[in-house]
Amino acid sequence: MAHEPGFAKGLSIGIIMDGNGRWAKKRGLPRTAGHKKGAEVFRDIIKYCNELEIASVTFYAFSTENWSRPLEEVNGIMKLFGEYLIMAYDYEKENNRVVFMGDRTALSPKYQAQMNDIEEKTKNNTGTVLNVAVNYGGRQEIVRGMQILAQRVKEGTLEPEQITTEMVSDVMYTAGQKDPDFILRPSGEHRLSNFMLWQASYAEFVDMDVLWPDFTRGDLDRAIEEYNTRSRRFGGI
Ligand code: FPP
């Protein structure tokens, strides 16, 4: 289907990359093979978001709950994350500002250093903001934000009644960014799974019956078309 130029420009999108395991199982492959293909799709969809001039895209790469998976699978995902993190140095050329969401202190010191370095090197980039959620949980993000604000109250620089929704937004990992317009979940599931709980307040939910490793640029087009048919009222009429 042909699109108007700029049909997706300025949108903010959250993506729950789901279905890697099922994709692999269907092919009789180990689950890590699904994650590998998923990581390739992740790279291509970033490039496509840049072409579409998307304002920000957030990928759910690893949740705080994913540690309960078999060690081999966790290590496989972390290894891929490392490979795609090193490739992340391309993101400078691609003009993304990269932000990592989640508790990175649980990751290896090497990864932490690379993540800090990428954020620092890309912080003035003006293209699509690329948020990557690793060891991320929406509730944990809110708790962390509450702790930051509570600390200010304790230090006497903030009164509890001065706390506003904007202030809470600014202690989320996505500080200063627009909230997601829609959250996309492939693989036919209909859950948020602890993803962007604060930011998703008025987001549309778009679910698609395609496994993430099979996800294409055309699927993203279709998700945007679906979002564009929705009438958003933000509680009004
Ligand atoms: C969900 O599918 C996917 C994950 C838990 C991991 C996503 C990781 C990647 C795409 C690769 C590494 C990350 C980056 C950023 C390069 P699932 O395993 O829950 O699938 P299932 O529901 O079919 O079992």
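Residue numbers count from 1 along this sequence.
Qualifying side-chain contact (heavy atoms from CB on, under 4.5 Å) partners for S201, counting only residues two or more places apart in sequence or in other chains: none.
A heavy-atom distance below 4.5 Å is found between the side chains of R43 and K47. By the 4.5 Å heavy-atom criterion applied to side chains, I13 and D181 are not counted as neighbours.
Of the residues listed (K121, E119, Q177), the one engaging R97 in a side-chain contact (heavy atoms from CB on, under 4.5 Å) is Q177, and it is the only one. Considering D18, D207, D209 in turn, D18 is the only one that fulfils the salt bridge (Lys or Arg N to Asp or Glu O under 4.0 Å) rule with R185.
Atoms CG and CG, on L80 and N20 in that order, are 9.5 Å from each other to the nearest 0.5 Å.
The pair E83-K79 meets the salt-bridge criterion, since a charged nitrogen lies less than 4.0 angstrom from a carboxylate oxygen. Taking 4.0 Å as the cut-off between side-chain N and carboxylate O, R222 and E225 do not count as a salt-bridged pair. Ionic pairing of E40 and K36 is present here: one or more N-O contacts between side-chain nitrogen and carboxylate oxygen are shorter than 4.0 angstrom.
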### Task
Could you walk me through whether F81 and F62 pass ring pair (Phe, Tyr, Trp, His ring centres under 6.0 Å), step by step?
CA-CA 9 Å; F81 177 63; F62 194 84; 8.8 Å; no
### Query
Checking side-chain contact (heavy atoms from CB on, under 4.5 Å) for the pair F59/I45: CA distance, chi angles, key distance, verdict?
CA-CA 10 Å; F59 290 91; I45 293 298; 4.0 Å; yes
### Criterion side-chain contact (heavy atoms from CB on, under 4.5 Å) on N194 and Y136, from CA distance to verdict
CA-CA 8 Å; N194 209 10; Y136 170 84; over 6 Å; no
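Under a cut-off of 6.0 angstrom, the local environment of CD in E72 is sparse, with at most 12 non-hydrogen atoms contributed by other residues, nucleotides or ligands.
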